[in-house]
Each structure stands twice: as structure tokens, then as C-alpha cells.
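Notes follow the structure.
This chain uses plain numbering: 1 for the first residue, then up along the sequence. Only this structure's heavy atoms are used, side chains among them; waters, hydrogens and symmetry mates stay out. Start at 1 and go down the list; that is how both ligands and their atoms are numbered. Source: prediction; values computed, not measured.
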Amino acid sequence: MSIMDRKIVMSGIRPTGYLHLGNYFGAMRNYVKMQNEYECYYMVADLHSLTTHPDTKELRANVHRVLAENIACGLDPEKAAFFCQSHIPEISELYLYLNMLAYKGELEKTTTFKDKVRQHPENVNAGLLTYPVLMSADILIHRASFVPVGKDQEQHLEMARNFAQRFNFRYGNVFPEPQAFNFGETLLKVPSLDGSGKMSKSENQMATLYLADDDDMIRKKVMKTKTDNGPTEHNSIKPDYIENIFLLMNLVSNADVINKFEIDFNQCSIRYGDMKKQLAEDMVRFIAPIRQKATDIMNDEKYLQNVMEQGAEKGRKSAVATLQLVKESMGLKYY
Ligand code: TYM
């Protein structure tokens, strides 16, 4: 495959708090795997965070954290373009054009919009309503084909395809239709430790494992997860909170260990205390090196500035080229 037909990949993370295992397994793990094979654009979605977090006191630190934690997880800014959304003004211009192709009705029906309206009825702003349009601009500005994301972003990707199609139909073929991506598998949703939803940057923090949690905090959170007295019949169906513990183990433990607990469960000899201890230690082993690396990177502000500058330069090159095509196709060229 020549460089010319390398497929383009784009994804983003909002800087609204500490990154967690859901972000890692839903998205960041794929960023790292894809950077060797594809032309990749990864972004800190700082503009998106303003739709729900108008107070910007923590923004700078959060942007630095998202950069550092991704790099600590293996994202290589030399291989991928890694930048901040607000450093690429072309995204905002494309967002404006796409807004003319997005309808109020479909935006109001978006699940994430409805959730946010319920959570924050006092701040239902136009940016929140058009969130999927801005996200589509992020993706389409690089004419990306693949978007590594978790399950919660599936509907946004469907909308991005609709906007791309509408644009292409009206003004000419500029955009590929982007697909949500997770290496040969369905999209992931990493559940919260209490099984009541998904791990999240800003909600239910005691049920979320953060990449910045220290060893004792990880142990404390894992040991608190809900279990029961164990199954009483061989080969029974697992209750969902037990299924969750197995699912989390599948992410970080080795196959022999998981297999042993599966057999114990099926034979009604499982000891959930031991299982949780094992899971806690495997989580510590997984998270500790990332946390340590991220702390070092975060303390090196000069390096982070370099990453952002270099990323913006690469990102803008691709964005400027797309925007020129967009404007020509739309007839926004008068001399
Ligand atoms: P955000 O910042 O909420 O999450 C970043 C990525 O992590 C994934 N994720 C999860 N995956 C599995 N299980 C979980 N519990 C879990 N929690 C989060 C998300 O699916 C996402 O991939 N709108 C996006 C940010 C964005 C974007 C983009 C993404 C802005 N522009 C362009 C892709 C392309 C968001 O809020 O992600």
C-alpha cells in the first residue's frame, strides 16, 4: 500500500476530567494500534467541552492531562498528528457550513442531547444542540474513513455519515462516509464498577477506575464491587454485576486466571473475595506504569507545548486542503 492510499483515521477526547479505563479500552488502545498503519489525527476536543463546562478554570490542566495520559498509553506524536481542536480554526468554519445541512428535529432527537438536557436543564445552549455537527466537522475536515470510539459515540457517527452524504449530494463528492471502528469487534462499553452505567470522567467517580488512581484507590474501588454468596446450581447464568467483574477481568487479566474463575463459577466453588483481589492486583499492574509515565510527561510543559505546536501544524495542513475543496464545491469562490 502506498502512502497515497493510506486510510485516514480521526478521533477525539473531551478534556472534562480524568481519563479512565473506558476511554482506554473504548478508544485510546485503538489509537495506538492504528498509528502504525494509518494516517491518524487525534484531538483534544476542548471546544466540545465548553458545551457542558463553561467554567474554564480547570481547562488548561485538563488539556495537559489528556495529552499526557494518551502519550503515556503509547500514542506517539511523531507518528500521529495530536492536536487541540481550538488550534485548527478550519474545523469551526466547516462546522458553520455543516450547520446549514443539519436539522433542528434530528438534533433534538440525539440521545446524548436528551441526556444532557435532563442533567443540566439550566444550560441547554445551541452548542449542545449542534454538538454532533461540530463532531462531524472534526472528522470530515480530515476526510477520515475510520473513527475509533466507544459504543456511546455510535449515533454521532451515524449523524456524521448523514451530513457527509447530504453535503456530497448537494455540492459534489468531497467526503468519505466515516465508520466507527474497533479492531474486528463490536464497539465497547466498559461498565462502571457498580454496574449502574458506564465508566465516566465526571459521574459516579467511585465506580470508575481512572488512569490516575493510586494503587490503594484502585484496590479500594475494586474490593467494593457488588457480589453475592455465589451460584447454587452448576453452570448458572451470571447476574449482570458478576458478568461485569468478568468483563473487567477480561480487559486486564491473563486467560488462565479468567478460565480458572469461570470453572469455579460453573462448579459453584467461586470465592468472589479472591476474584476481586486478583482483579485489583491486575488493575494495579496495568494502571500504575501509565500513571507514573503520565505524571512525568505532565510535568514537562515545554514538551507538551511542542507536541501541540507540531500537532496543529500537521492537522492544519490536512484541514486547509479540505476546506479549500469544500469552498470550491460550494461555490464560495468569487475570483
Ligand atoms: P469522550 O471524551 O466522552 O470519550 C472519549 C472516548 O472514550 C470512549 N468512552 C468509552 N468507551 C467504552 N466504555 C466507556 N465507559 C467509555 N467512556 C468513554 C468514547 O466513546 C470516546 O471514543 N464526542 C466525543 C469526543 C469527540 C470525538 C470527535 C470523537 C469530539 N470530536 C471526533 C471522535 C471523533 C466524546 O465526548 O468522547
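The environment of CD in Gln165 is crowded: more than 12 heavy-atom neighbours from other residues, nucleotides or ligands sit within 6.0 Å.
Ring pair Phe83/Tyr42: centre-to-centre distance not below 6.0 Å.
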Please set out all donor-acceptor pairs under 3.5 angstrom arising from side-chain atoms of residues 322-335, sequence neighbours excluded.
residue, atom, partner, partner atom, Å
Thr322, OG1, Ile141, O, 2.7
Thr322, OG1, Arg143, NE, 3.0
Thr322, OG1, Arg143, NH2, 3.3
Thr322, OG1, Ser318, O, 3.2
Lys327, NZ, Glu93, OE2, 3.4
Ser329, OG, Leu325, O, 2.7

Tell me which donor-acceptor pairs under 3.5 Å the side chains of residues 71-80 have, and how far apart each pair is, sequence neighbours excluded?
residue, atom, partner, partner atom, Å
Asp76, OD1, Glu78, N, 2.8
Lys79, NZ, Asn36, OD1, 2.9

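Between Phe286 and Phe25, the angle of the ring planes stays under 30°, which puts this pair in the parallel group of the 30/60° scheme.
Listed as neighbours of ligand 1 are Met10, Ser11, Gly12, Ile13, Arg14, His20, Gly22, Asn23, Gly26, Ala27, Met43, Ala45, His48, Tyr131, Met135, Asp138, Ile139, Val147, Val149, Gly150, Asp152, Gln153, Leu188, Lys189, Val190, Lys198, Met199, Lys201, each bearing a heavy atom under 4.0 Å from the ligand.
For Lys260, the side-chain hydrogen bond (donor to acceptor under 3.5 Å, both in side chains) partners two or more places apart in sequence, or in a different chain, are Asp264.
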